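Bear in mind that the values here come from a model prediction, so they are computed numbers and not experimental data. One-based numbering along the sequence shown. Order of appearance sets the numbers: ligands from 1, and atoms from 1 within every ligand. These values consider heavy atoms only, across backbone and side chains, with no hydrogens, waters or symmetry-generated copies.
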Amino acid sequence: MTAHAPIVIDNAKLNEALQRFPCDRRMWIDGREAAGDGDMIERRSPAHGVVVTRVPRGAAADARRAIAAARKAFDAGPWPHETACNRARVLLKAADLIDRDRELLATIDTLESGKPITQARGEVEAAADIWRYAASLARELSGDSYGNLGANRLGIVLREPIGVVSIITPWNFPLLIVSQKLPFALAAGCTCVVKPSEMTSGSTLHLAGLLAEVGLPRGVCNVVTGYGPEVGAPLTTDADVDMISFTGSTAVGRAAMAAGAATLKKVSMELGGKNPQVIFPDADMDAALDAAAFGAYFNAGECCNAGSRLLLHSRIAEEFLSALAERAREAKVGDPLDPDSRVGAIISLEHLTRIEGHVQAAREAGAALRIGGERLGAHGLFMAPTIVERVDPSMAIAREEVFGPVVCALTFDTAEEAITLANSTSYGLSASVWSRDIDAAIGVGRGVRAGTVWVNTFMDGAPELPFGGYRQSGVGRELGRNAVKDYTEEKTFHVHNGPRTSWWLPRGPARDQKIGSRGTAS
Ligand code: NDP
C-alpha cells in the first residue's frame, strides 16, 4: 500500500500565476464596469491561502440596475432583432477570445476554486467549443408552418427570444457552467443578468469583458457579483425577468423556483445528483476502475455528475474495492498549479467541514472507512480520496450529495436489484453501467431514472447531447439541439388569405350557412 505523497506548494509558480490578472474586479452593468458601493468580497485560493481576487459585494440595487439594463436592451434592441448571422458572428468571435485567453481563464478558475490547472485548461477549451456550437444553433433556429389548415388558412409558428434571463451559477465549474447557458440565451436573442458564485466570479467577469470586446451591445450581458440572498434573490423575483436559468444545489434551486413562481417565470434548473456506477462481474475491470476513480475524485468530487455511489455485484465487490483503494492512493492530491495533480483543494473550510460531517455520520450509522477520511497537507484545504463501505441504502451517505472526494459502495446480486438501488434516492441526474453484455447494460440503463446513462464509459459529454436531471436533479435540459429553443417563446400566427365573409353573424346569402363551418365557409 502506498501512502499519499506530501503536498508541496510551488511558491514561484503561484507568484507567476498571480501576476497574470488583476486582483480587483468590477461588475458589468449596462456595458460598463461597475464598482458597487465599495464593499468588496475577498477570495483566497483554497489551496494556497493567499488573496486571489476581490469582487464587489453587490446589493439588491445593483441587481435591479442590471435587470433594468437588460430589460432596456431587450425592449429597445437591437440584439433581439439582430440577424442570426450577426449573432452567430459575435458568439464565434467570443469563442476565439476564450481560446486566446485560455491560460488566463484557466488560472483564474484554478486559483479561485482549487481545481487542477490541467483540468481547468480542458474546461476552457470545452467552453469555447460550446460557444461555437451555440453559434451554429443560432443559424438553425426556426419555427414551423402549417399549410394544411384549408385553402384560405395559414399557420406560422415563430420562435421569439423569451426576454430577460437570469443566469445563476455555482462555484464548481465557473466558466464551463456559464457557457452552458449564456451563449444559447444570446443565440436566441435574449438579454441576460449573470450571477456567479461569490467565490468564483473571476472568469465570468473576464468573459463579460470579452463580450464587450467583440462588440456585444451594451446591456445585453450584465454580471453582478455578491451573495445569493443579496444579489441573487432579486434575479428570481423581479417582474422584469422572464426566465431563470439556475445551476446549484437542489435546496437553493427549489427556493429560486418558488420565488419565480409569483411572476410565473420560466425556469431551467440543473441541480444535484447522487449518481450510481453499476459494475457487473463481466465488465472490463481496468476501464471500470479507472472510471470509478475518475467519477469519485474528479474535481475533488465537487461535481453534480460525480459517480458517488458504487453499486458493485457482490461477486466482485471485495476485489474491486481493494483495487480502487490502490488507485485512489495513486491519484496525486496536490498543488492545483502542478500539472501532475489530479485532485486539488476543497472549495472552502466550511464545505470541507461539511464533507467530514457526512463521513463521520456514515461511520456512526455503521459504515466503515476503507481508505481516506482525513485532511492532507499542513496548509490548504486538501482531503484524501475516501471510500466508505458497508453502506446500507437507508444511510444518509447513500442518499445525500456529499460533493467531496468520497465514494460509497453498496452491493447487489441481480440486475433488478441494481435498478432498485440505482433509483433509491430522490435524485436522477446520471448513471453508468459497466458490463460486456450489452443487452444487460442497456436493460439496466433503461430501468434507471436519470437524465444521462453512460454504458462502459463515464462522464463523456458533447454540446450536441442534452444534459439535465430527472426528479429532484432538475427541470429542463441544457445543451443539445434544443438548447437555443429553450430560451424562446412560440408565437402562433394564424393568417387568413383570400376573400372573407362574416360567418358568426352572417349577412346576405351566407346567412343560411351553419355556424361551425368556419374552416370552409369563407
Ligand atoms: P448553491 O445552490 O448554494 O448556489 C448556487 C448559486 O445560487 C450561487 O451563485 C449562489 O450564490 C446562488 N444563490 C444562493 N442563494 C440564492 C438565492 N436566495 N437566490 C438566488 N441565488 C442564490 O450551490 P453551490 O454554489 O454551493 O454549488 C454546489 C451545488 O450545485 C451542488 O449541490 C451541486 O450538485 C450543484 N450543481 C449542479 C450542477 C448540475 O448541472 N446539475 C452543476 C454544478 C453544481 P452564493 O454562492 O453567492 O451564495
Side-chain angles (χ1 to χ4, degrees), residues 27 41 43 55-60 62-63 67 109 112-113 115 123 130 166-181 193-201 204 223-238 241 244-262 265 267-275 298-308 346-348 350-352 354-355 358 400-404 425-430 450-452 459 461 466-479:
M27 298 184 274
I41 299 172
R43 177 63 186 157
V55 297
R57 177 176 174 173
D62 297 304
I67 294 166
D109 274 1
E112 286 187 342
S113 75
K115 69 174 68 224
E123 287 172 25
I130 297 174
S166 289
I167 296 180
I168 301 174
T169 58
W171 42 259
N172 53 348
F173 295 94
L175 183 73
L176 194 58
I177 288 178
V178 72
S179 297
Q180 289 175 355
K181 300 162 181 291
V193 181
V194 184
K195 197 253 172 276
S197 162
E198 87 282 353
M199 292 187 275
T200 55
S201 304
T204 302
V223 180
V224 290
T225 55
Y227 296 108
E230 294 174 4
V231 81
L235 303 186
T236 63
T237 52
D238 196 296
V241 171
I244 305 167
S245 179
F246 175 90
T247 299
S249 62
T250 295
V252 177
R254 194 180 288 123
M257 205 167 156
K265 299 185 195 315
V267 294
S268 165
M269 296 275 151
E270 300 298 339
L271 309 173
K274 188 74 187 177
N275 313 297
F298 166 72
N299 211 48
E302 296 167 325
C303 181
C304 55
N305 256 335
S308 54
I346 303 299
I347 189 79
S348 66
E350 185 194 7
H351 190 58
L352 177 54
R354 202 178 301 140
I355 297 169
H358 279 287
E400 291 174 12
E401 194 176 39
V402 174
F403 228 57
T425 76
S426 58
Y427 293 112
L429 191 59
S430 63
T452 297
M459 229 189 289
F467 175 69
Y470 279 36
R471 299 192 286 179
Q472 295 188 35
S473 284
V475 177
R477 294 289 178 271
E478 291 186 338
L479 304 174

contact_flag Gly474 ligand 1 heavy-atom lt 4.0 Å:
no
Does any N/O atom on Glu198 come nearer than 3.5 Å to any N/O atom on ligand 1?
yes
Short N/O distance, under 3.5 Å, between Ser473 and ligand 1?
no
Give me the atom names and distance for the closest heavy-atom approach of Leu479 to Phe467.
CD1-CB, 4.4 Å
Closest to atom 44 (C) of ligand 1 (judged by heavy-atom distance), picking from Ile167, Ile168, Asn172
Asn172
Give me the nearest non-hydrogen protein atom to atom 2 (O) of ligand 1 as residue plus atom name, then the distance to 0.1 Å.
Ser249 OG, 2.6 Å
Where on Leu271 is there a heavy atom closer than 4.0 Å to ligand 1, on the side chain, on the backbone, on both, or on neither?
backbone
Close approach of Gly468 to ligand 1, heavy atoms, under 4.0 angstrom
no
Just let me know how Ala255 lines up against ligand 1, side chain, backbone, both or neither, with a heavy-atom cut-off below 4.0 Å.
neither
Write down the atom of Ser197, the atom of Ser201, and the distance for their closest heavy-atom approach.
O-OG, 2.8 Å
Without swapping roles, check the side chain of Lys265 against the backbone of Asp238 for a donor-acceptor pair under 3.5 Å.
yes
At a 4.0 Å cut-off, with the gap strictly under it, does some heavy atom of Gly253 reach an atom of ligand 1?
no
4.0 Å protein heavy-atom contact status of atom 46 (O) of ligand 1, strictly under
yes
Which word best sums up how the rings of His351 and Trp171 line up, parallel for under 30°, tilted for 30 to 60°, or perpendicular for over 60°?
perpendicular
Donor-acceptor contact below 3.5 Å, side chain Ser473 vs main chain Gly428
yes
Polar-atom distance check: Leu429 versus ligand 1, any N or O pair below 3.5 Å?
no
Proximity winner for atom 6 (C) of ligand 1, if only heavy atoms of Thr169, Thr236, Val402, Ile177 are counted:
Thr169
Taking atom CE as the centre, does Met257 end up with more than 12 heavy-atom neighbours from other residues, nucleotides or ligands that are less than 6.0 angstrom away?
no
If we only consider heavy atoms of Phe173, is any one of them less than 4.0 Å away from an atom in ligand 1?
no
Closest non-hydrogen protein atom to atom 28 (C) of ligand 1, residue and atom name please, with distance?
Phe403 CE2, 3.4 Å
Ligand 1 and Gly248, any nitrogen or oxygen pair closer than 3.5 angstrom?
yes
Any Lys/Arg nitrogen of Lys115 or Glu123 sitting under 4.0 Å from an Asp/Glu carboxylate oxygen of the other?
yes
For Trp171 and ligand 1, does the shortest N/O to N/O distance drop below 3.5 Å?
yes
With atom 40 (O) of ligand 1 as the reference point, say which of Gln180, Glu270, Lys274 has the nearest heavy atom.
Glu270
Nitrogen or oxygen of Gly228 less than 3.5 angstrom from that of ligand 1:
yes
Regarding atom 18 (N) of ligand 1: of the candidates Pro229, Ala63, Pro174, which has the closest heavy atom?
Pro229
Measure across Thr200 and Pro170 and return the closest heavy-atom pair with its distance rounded to 0.1 Å.
OG1-O, 4.0 Å
Any nitrogen or oxygen of Thr250, side chain or backbone, less than 3.5 Å from one on ligand 1?
no
Shortest heavy-atom approach to atom 34 (O) of ligand 1 - which of Met269, Glu478, Glu401:
Glu401
Regarding Thr247 and Lys181, is there a side-chain donor-to-acceptor distance under 3.5 Å anywhere?
yes
Tightest non-hydrogen contact, residues Ser166 and Leu235, listed as OG-O, 2.7 Å
Specify the closest pair of heavy atoms between Tyr427 and Lys274, including all atoms of both residues, with the distance to one decimal.
CD1-CB, 3.7 Å
Atom of Val231, atom of Ala59 and distance for their closest heavy-atom approach
CG2-O, 3.7 Å
Pro196 pairs by side chain to side chain contact (heavy atoms under 4.5 Å, CB included) with which of Val224, Val223, Val178?
Val223
